[in-house]
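Scroll down for the structure; my scribbles are underneath it.
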Amino acid sequence: AKERGHDRIALVDGDRRDETLRRLQLVDALHHAVARGELRLEYQAVVELDSGRVVGAEALVRWQRPFEPPLGPSEFIPVAEETGLIAPVGAWVLDEALHQVVAWERARPAAAPLRVLVNVSARQLDSGDFVETVAGLLASAGARPEQLCLEVTEGVLQQQPDHTRTVLRDLRALGVGIAIDDFGTGYSSLAEFRDLPIDAVKIDRRLVAGVEHDRRDAAVVSAAVRLARDLDLEPHAEGVETVAQQHRVHELGCALAQGYLLHRPAPPEELLPLLAPDPTH
Ligand code: C2E
Ligand code: CA
Ligand code: CA
Ligand code: CA
């Protein structure tokens, strides 16, 4: 029994060593990922439920390492945040997404105005020069500020409330949109939302998932939508997977929706045919 115990300890230590090694290799590889052009963006269409039109697209980063399966953001964004690599990764994402929205508009000059939604981490907002970075990237891509909406999670607002508010206010002064992501999963008090410099709330897909069958999820979504509308914020449902969910969130007052039912995240060329020409042209 003693020997077995030893074996088990050795195994655990070995596992931990492998895990640490794997992580170090990941950090090292991530250092080079931007320069080597290994990151790419997929885009998930945002649909206006009343008209069925695609009015925007959310940029979602992927990492294609050579000879390895691609990694999704949840596998490397947390590491990027911890190591500070989120600054170059985040700047690359913004730059790429802004060039893309300009390219779409050029390819579909008659299409209605289109927005690109970009996720930003707390660490990026806290960098000290984020507003200047965004302004510079908008100018160099030739994008209008209205073509960009930044998504931040509720948690971001709790870490450095005053500083974050100032940054968000400055971004909005530029004309950039701000959305609260994963709304309904944090612990913000409703009162906190009153004074926030934001334009939209994206209701988390875990709540949307329960909207058909779970009376309490439906009540939370309904309250969130009403609060958003009363504060002149655009309520947006994410993770719509079924027709019933789509109908229910529409009925509850969500103007915009995203989800696998509507469109899956896809490479930019697949979005182009979805950008309908402006009906007035
Ligand atoms: P998120 O911002 O909440 O993005 C939505 C996630 O849900 C995406 O996963 C998307 O592919 C997935 N999704 C969309 N529709 C559905 C649906 O109908 N059902 C289900 N089950 N899932 C759906 P993804 O691409 O793996 O991204 C995960 C998270 O990584 C994002 O969550 C976001 O927080 C973060 N992320 C992605 N790109 C970036 C980035 O460029 N920068 C930062 N800081 N974070 C990013
Ligand atoms: Ca998001
Ligand atoms: Ca979300
Ligand atoms: Ca999320």
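Quick note: numbers below take in every heavy atom, side chains included, and nothing from hydrogens, waters or symmetry partners. Sequential numbering from 1 along the given sequence is applied to the chain's residues. All ligand and atom numbering here is 1-based and tracks the order in the structure.
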Which ligand 1 atoms, with their elements, are less than 4.0 angstrom from a heavy-atom of Val61?
38 (N), 39 (C), 40 (C), 41 (O)

Is the backbone N or O of Ser121 less than 3.5 Å from a side-chain atom of Gln124, with the two atoms forming a donor-acceptor pair by type?
yes

Path from Val55 to Leu262 over hydrophobic side-chain contacts below 4.5 Å
no

For the residue pair Leu39 and Trp63, establish whether any side-chain heavy-atom pair is separated by less than 4.5 Å.
yes

Counting from 1 in the order shown, the ligand 1 atoms closer than 4.0 Å to a non-hydrogen atom of Arg62 are 25 (O)

Mind checking whether Thr153 contacts ligand 1 via backbone (N, CA, C, O), side chain (CB onward), both or neither, at a 4.0 Å heavy-atom cut-off?
neither

So which of Val46, Val201, Ile203 actually passes side chain to side chain contact (heavy atoms under 4.5 Å, CB included) with His236?
Val46

On a heavy-atom basis, the closest approach of Leu85 and Pro88 is O-CD, 3.1 Å

State, with a plain yes or no, whether a side-chain heavy atom of Val116 is found less than 4.5 Å away from one of Gln147.
no

Atoms in ligand 1 with a heavy atom of Pro265 nearer than 4.0 Å
11 (O)

Proximal ligand 1 atoms for Gln44, defined as those under 4.0 Å from one of its heavy atoms:
14 (C), 15 (N)

Flag Ser74 as yes when one of its N or O atoms lies below 3.5 Å from any N or O atom of ligand 1, and as no otherwise.
no

Between ligand 1 and Arg264, can you find any atom pair, the residue atom being a heavy atom, that is separated by under 4.0 Å?
no

Closest candidate by heavy atom, reference atom 33 (C) of ligand 1, pool Thr242, Asp204, Asn119:
Asn119

Under 4.0 Å between a side-chain nitrogen and a carboxylate oxygen: does that hold for Glu48 and Arg53?
yes

Contact between Gly72 and ligand 1, counting heavy atoms under 4.0 Å?
no

Among Ala97, Pro73, Ser121, whose heavy atom sits nearest atom 28 (C) of ligand 1?
Pro73

Polar-atom distance check: Val120 versus ligand 1, any N or O pair below 3.5 Å?
no

Salt-bridge criterion met for Arg62 and Glu42 (N-O under 4.0 Å):
yes

The Ca ion (ligand 2): protein N, O or S atoms [distance under 3.0 Å]:
Glu58 OE2, Asn119 OD1, Glu151 OE1, Asp181 OD2

Has the side chain of Asn119 got a donor or acceptor atom that lies under 3.5 Å from a matching backbone atom of Glu151?
no

Could you go through the side chain to side chain contact (heavy atoms under 4.5 Å, CB included) check for His263 and Val54 one step at a time?
CA-CA 10 Å; His263 299 283; Val54 172; 4.2 Å; yes

Are side-chain heavy atoms of Ile77 and Ile86 found at a separation under 4.5 Å?
yes

May I ask whether Gln258 places a heavy atom under 4.0 Å from ligand 1?
no

What do you reckon, does Glu151 have a nitrogen or oxygen under 3.5 Å from a nitrogen or oxygen of ligand 1?
no

Between Lys202 and ligand 1, which residue portion shows a heavy-atom distance shorter than 4.0 Å: side chain, backbone, both, or neither?
neither

Does Leu150 reach the side chain of Phe130, with side-chain heavy atoms less than 4.5 Å apart?
yes

When you look for heavy atoms under 4.0 Å from ligand 1, do you find them on the side chain of Glu58, its backbone, both, or neither?
side chain

Part of Leu41 with heavy atoms under 4.0 Å of ligand 1, whether side chain, backbone, both or neither:
neither

Does only the side chain of Val93 get under 4.0 Å from ligand 1, or the backbone, or both, or neither? Count heavy atoms.
side chain

Heavy-atom closest pair (Arg65 atom, Glu38 atom, distance to 0.1 Å) is CA-OE1, 4.1 Å

Straight-line distance of Arg205 CZ to Asp182 CG, nearest 0.5 Å
8.0 Å

For ligand 1, which atoms, with element, lie under 4.0 Å from some heavy atom of Arg205?
6 (C), 7 (O), 12 (C), 20 (C), 21 (N), 22 (N)

